[in-house]
Structures are given as structure tokens and as C-alpha cells.
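Remarks on the structure that follows.
Just so it is clear, the values below take in all heavy atoms, side chains as well, and ignore hydrogens, waters and symmetry mates. Quick caveat: nothing in here was measured; it's all calculated off a predicted structure. Letters A, B, ... mirror the listed sequences (proteins, then strands); counts begin at 1.
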Amino acid sequence: MKPSILKGTRDFTPEQVIKRNYIFDTIKRVFIKYGFQPIETPAMENLETLTGKYGEEGDKLLFKVLNNGNFLEKADKNAIENGDYKKAVPSLSKRGLRYDLTVPFARFVVMNQHDLAFPFKRYQIQPVWRADNPQKGRYQEFYQCDVDVVGSDSLVYEAELSQIYDEVFAALGVQVVISINNRKILAGLAEAVGIEDHFMDMTIAIDKLDKIGLEGVQKEMLERGIPRAASDKIAQILEVQTLEVLKPLLQDSKTGRKGIEELETVFSLLEGYNMHNTLVFDITLARGLNYYTGCIFEVKANTKVYPNLKMGSIGGGGRYDDLTSVFGLNNVSGVGISFGAERVYDVMEELNLFPTAAEQQLKVMFIALDESTFPYAFRALNQVRSAGINAEIYPEPSKMKKQMKYANARNVPFVILVGTEEMASGKLGLKNMASGEQKNLTLEEIVGQLSN
RNA sequence: GUGAGUAUAGCUCAGUUGGUUAGAGCGCCGGAUUGUGAUUCCGGAGGUCGUCGGUUCAAGCCCGAUUAUUCACCCCA
């Protein structure tokens, strides 16, 4: 058969894995620095745990796992005959692949609530799966890197999460714009123009602003049943750039005032912190997910610095006051952000931001020239390894040309040549593959040189 | 789920209004050089033109279907 891999999935070459780990390691280091602890959850969850948490669209994109054994026996035959596939699903599949890391985390918190110290700060770096059609920067299997805090509504965490975004992208060398808004401000906006019942429609439309423009947003709002007078007013307010200007406009809305106050607190906590990137209040930031209740975040590569880059958001998050309640634990507030590692990778690749040093792992390769020197070279290899140097030996003493070619293909910085002369003198040939320079040195001298 | 584009050597791609034996660059293998890779020179291998069907004297090229893939919409990281 012809080998192939599934749509939207990828194999990774050693070079790619090394680069991906560079991103993961950088993110992890910052998470740990801010006091977050790692957890892991299974790739598969009870389908029931996942369904209904991401809206109707999300349910469609959930990967469902077919039951084992004779799954037809227990299938809901009525539903199947009536063509009601949605109703038939629970009888055919009791498991699904996780769609994000937040819902499994909420499940985890509820199940382990008696063993956790609150506020509980966790990070989690694992793959998730979505049956979405792939396109640029979008895959069916991809990693998310999440940090969340549950069990506190302190705004200090919003401030910390902003700093985490800032530090990670500073460390990776990507210049970003971190946008921050507050769902309460959007709620206040809906209140101020009298369309509380169309709150969702309004946020979905606003969320598309950078894609379809202000007129497009107005059009979308009209299509979604928001009266023209209200949409005009909203459009007007969306042009507001600062909290100071916004404040009087939302004065009549208690929720709106609270949202502004929260953002002011976050900004004041961050006073004196030396931000490497841009953190901006952006009233047009909405985020589609409707479980957010407070501050919301989104990160994009800075288009002023990289005008030709075409990539959507590379991170997002926010506060959700009641995520665990669907699993039976009420009044536990959480706030968290996520890094889209795959998109960060694509951005860094496009901008050529990976350090070349990260690609080199093997330091030296031994080349034995004949059968009699091979065991000698192998023992020398072990000594080099004992000194903590990454090393290997070409598996057979074949033609030097062939061995050199392999070393070159492997991108090894040094080779050590071992022939009968070298074995007799105890001085091995250390060759620098980049410069071509070659010196005869004792094993001790070689170890000393390679240890630098 | 909806729409558009693409499918030719291991990779990136040419291929004329349909007309002899389908090409290039890179890579791969061998040699120049039996103790030196990357550079140079010489030689070589490698294709059911995604798949199935149709039109035609003749199809890589035209038509239909199908699969894969890319991009966009919806939604999202």
C-alpha cells in the first residue's frame, strides 16, 4: 500500500523536533518561573465531558472514537433509521479526543479539588485535536501550551499572565502586540445601546473587525438582528482608543464600569514593569468563546515590525468565572492563557528566528579506517562520551569518503579519524568540518577541546 | 459543512493550438581521488504524467467522475 498520513497531521523531522522543543522549553521555563506546576490529562475523554462545551460548531469538530467490539449491537437503531445522526452518536461512541486543554483541566480540578491547594496554578503542554478543514496555520492535530489559575479572582494573575506573554515572546525574539479587553466592557456596551439580548451576536461581529472592517461589522450586526440605531452607536464607540475616553460613555452601566475598573487595576499593577512588547487596550477584541467573563487576551505578531507576515492570533485567553460549574463545582473563578505553539513555529520559521546552535546536538563522529582500528576507536568513543560529549561512531570501517559524506550529511561539527598510524602514536586526527582544519591530538587534548 | 486552485523524477517546477523517444535545477549513485566531506569535472539510475472513465487517427495537455493536497469562508490556536 501507498503510505500516507492523515489530513491535517504532520510528521516531524529531527530538525523540526529540535526547533519545536526550543519553543516548548522556552515557554515551560517561563511558566515554572511564575510558579506554575505541570499536569497532564488523557488524550481521550468521555465524550460526554467534551460535548456541549464549545458550542454547536465545536461539537461538529470533535473527533469521536468508535466503540470497540460489536458496536452495532448497542447502536440506537431507531435514530439511525430516522437519519438522526446526532442522536445516534452516543450509542456508537462513548469516547472523544480532547478539543482543548481548558475543559479537561476544569474536569481535573473538580475531580481533585480536595487535594489541590487553591489558588491552583497549572501549566499543560499537550496535543489537541479538531476535525476542522486544514489551512494556513491550522491543523487537525496541534499542541497547546496553557497556563491557568483557578480559585482566585485576584487581578494580579491578569497582570502576571500579561508578563508571561511578554517574557516568552521576548525570549523567542518575536515582537508581538498583546491586546487586552474585558468582556464586562463589551457587556456594558451592549447594555448602553440596549441590546443585552444580542450580546453574543454583537461580540461575534466585533471579533471580525480586523478582517471585514467597521462597515462589515455593522453589516454583520444588522444581519444578526441588531437595530441600526444600536449598531451605529456601537460602531462609534469602537473607534475609542483609550479607557479615559470610554469611561464616560459607559457611565450608566454598572457592568461596564466594573470592566473598566478591572483593566485599570491590571495596568496599574504593571506600572514599573519593563514591557518588551506592546500591551494595548483594544475595545474591538471580543473572542468568540462565550465562557469568558472578565479580562480577555489575544496575541499577534507585531504587524508594524513584520508587515508581510500573514498569520492570525498566536495566543489567547481570558477569565472565566464559572467554568467548573458544569462539573458540579460552583463559584470557582479561573483565568488562563494559551500559546499556539504551531503558529509560533510557523512565524519564527518565516522570520528566520531560530538560533542555529539549537540545531546541533551531535558534537563529534568517529571514523575508523580499517577492521583493526575499529575496536580501538570504539573504546575511545566511550571515553569521549564519559566526558559528557555527544558522540558516535560510523558503524563500519568502510571507505573514508563514504564516512565523511555521512558525517557531512549529519552536520557534525567535528570528526575524529582513527587509522593504524593514529592507533600507533595515540594521537588521533581531529578535523573541524566547517573549516577543514585537522590536528593530531591525544584523546585527553581532544576531550579538553570539545568540552569548551 | 461551503467555495476556488493544484496534482508531471526523491524535492522544486517547465512542458507550445492535442502530434516522434516527457525535460531542467537540486538531490541520489558511480568515477576522476584505494587516508578526507562540503567545492570542481565526467558518467549513470530514476516517470503507468494522482486514479478511473470518455472524446480523438493521436491525450501530460480537452471533458466527466473520484481521491489527495493547498488556500479561503464558517469557526479558531
Heteroatom pairs (N/O) under 3.5 angstrom, protein to nucleotides 33-37 of chain B:
| residue | atom | partner | partner atom | Å |
| --- | --- | --- | --- | --- |
| B:G35 | N1 | A:Glu422 | OE1 | 3.1 |
| B:G35 | N1 | A:Glu422 | OE2 | 3.0 |
| B:G35 | N2 | A:Glu422 | OE2 | 2.7 |
| B:U36 | O2 | A:Lys431 | NZ | 2.8 |
| B:U36 | N3 | A:Gln438 | OE1 | 2.7 |
| B:U36 | O4 | A:Gln438 | OE1 | 3.3 |
| B:U36 | O4 | A:Gln438 | NE2 | 2.8 |
| B:G37 | O2' | A:Asn408 | ND2 | 3.3 |
| B:G37 | N1 | A:Met433 | O | 2.6 |
| B:G37 | N2 | A:Asn408 | OD1 | 3.2 |
| B:G37 | N2 | A:Met433 | O | 2.5 |
| B:G37 | N3 | A:Asn408 | OD1 | 3.4 |

Distances for protein N or O near nucleotides 68-72 of chain B N or O, under 3.5 Å:
| residue | atom | partner | partner atom | Å |
| --- | --- | --- | --- | --- |
| B:C71 | OP1 | A:Lys136 | N | 3.4 |
| B:C71 | OP2 | A:Lys136 | N | 3.1 |
| B:A72 | OP2 | A:Gln135 | OE1 | 2.9 |
| B:A72 | OP2 | A:Lys136 | N | 3.4 |

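Near RNA chain B, meaning a heavy atom under 4.0 Å away, the residues from residues 314-323 of chain A are A:Ile314, A:Gly315.
In this entry the distance linking CD of A:Glu57 with P of B:C73 reads 14 Å, nearest Å. One interatomic measurement links the two molecules: CG of A:Asp11 to C1' of B:G10, which rounds to 16 Å at whole-angstrom precision. One atom, CZ of A:Arg130, and another, P of B:C76, lie 9 Å apart when rounded to the nearest Å. We find that NZ of A:Lys300 is positioned 13 Å from P of B:C76, with the value rounded to whole Å. Remark: P of B:A77 and CZ of A:Phe339 are 14 Å apart, rounded to the nearest angstrom. Note: CG (A:Leu209) to P (B:C75) measures 14 Å, nearest angstrom. The distance from atom CD1 of A:Ile337 to atom C1' of B:A77 is 13 Å, rounded to the nearest whole Å. In this structure, A:Ile125 places its CD1 atom 14 Å from C1' of B:A77, rounding to the nearest Å.
Ring orientation note: the planes of A:Phe31 and A:Tyr123 are tilted relative to one another, at an angle of 30° to 60°. The aromatic rings of A:Tyr394 and A:Tyr406 stand perpendicular to each other, their planes meeting at an angle above 60°, with 30° marking the opposite boundary.
When the C1' atom is used for both B:C71 and B:G31, the distance is 47 Å, rounded to whole Å. Across the P atoms, B:U70 and B:G23 are found 31 Å apart, a figure rounded to whole Å. For B:G18 and B:C11, the P atoms lie 29 Å apart once the distance is rounded to whole Å. Nucleotides B:U66 and B:U6, compared at atom C1', are 16 Å apart to the nearest Å. Spacing between B:G47 and B:G54 at atom P, rounded to whole Å, works out to 27 Å. Nucleotides B:A32 and B:C49 place their C1' atoms 36 Å apart, quoted to the nearest Å. Only the P atoms considered, B:G3 is 16 Å distant from B:G64, to the nearest whole Å. Remark: the separation of the C1' atoms in B:U16 and B:A68 is 29 Å, to the nearest Å.
Scanning for side chain to side chain contact (heavy atoms under 4.5 Å, CB included) contacts around A:Gln383 gives A:Leu443, with sequence neighbours left out. Residues passing the side chain to side chain donor-acceptor pair (under 3.5 Å) test with A:Lys208 are A:Glu220, sequence neighbours excluded. The side chain to side chain contact (heavy atoms under 4.5 Å, CB included) check on A:Lys427 picks up A:Ser425, A:Asn440, A:Thr442, with sequence neighbours excluded. For A:Phe105, there are no ring pair (Phe, Tyr, Trp, His ring centres under 6.0 Å) partners at least two apart in sequence or on another chain. The side chain to side chain donor-acceptor pair (under 3.5 Å) check on A:Thr51 picks up nothing, with sequence neighbours excluded. Partners of A:Pro134 according to the side chain to side chain contact (heavy atoms under 4.5 Å, CB included) rule, which considers only residues two or more places apart in sequence or in another chain, are A:Lys7, A:Gln140.
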Considering only distance and modelled atom types, tabulate donor-acceptor pairs under 3.5 Å from the side chains of residues 430-437 of chain A, sequence neighbours left out.
| residue | atom | partner | partner atom | Å |
| --- | --- | --- | --- | --- |
| A:Asn432 | OD1 | A:Ala434 | N | 2.8 |
| A:Asn432 | OD1 | A:Ser435 | N | 3.1 |
| A:Ser435 | OG | A:Glu437 | N | 3.2 |

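Nucleic acid contact for A:Ser313: sugar-phosphate only, since backbone atoms but no base atoms lie under 4.0 Å from a heavy atom of the residue.
Sorted by first then second residue, the side-chain hydrogen bond (donor to acceptor under 3.5 Å, both in side chains) pairs that include residues 364-380 of chain A, not counting sequence neighbours, are A:Asp370-A:Ser372, A:Asp370-A:Thr373.
Remark: aromatic rings of A:Tyr143 and A:Phe24 are close, center separation under 6.0 Å.
Contact annotation: A:Lys208 side-chain N/O to B:C75 OP1/OP2 distance is under 4.0 Å.
Geometric assessment of A:Arg10 against the ring of A:Tyr139 yields a positive cation-pi assignment under the 6.0 Å and 45° thresholds. Cation-pi geometry between A:Arg20 and A:Phe12 is met: the NZ or CZ atom falls under 6.0 Å from the ring centre, inside 45° of the normal.
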(request) Using a 3.5 Å limit on both pairing distances, list the dot-bracket string of RNA chain B from the 5' end; Watson-Crick and G-U wobble pairs count, crossing pairs take [ ], interstrand pairs take |. (result) (((((((..((((.....[...)))).(((((.......))))).....(((((..]....))))))))))))....
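A:Arg287 and A:Asp207 are not joined by a salt bridge, as no carboxylate oxygen comes within less than 4.0 angstrom of a charged side-chain nitrogen. A salt bridge links A:Glu392 with A:Arg410; the closest basic N to acidic carboxylate O contact falls under 4.0 Å.
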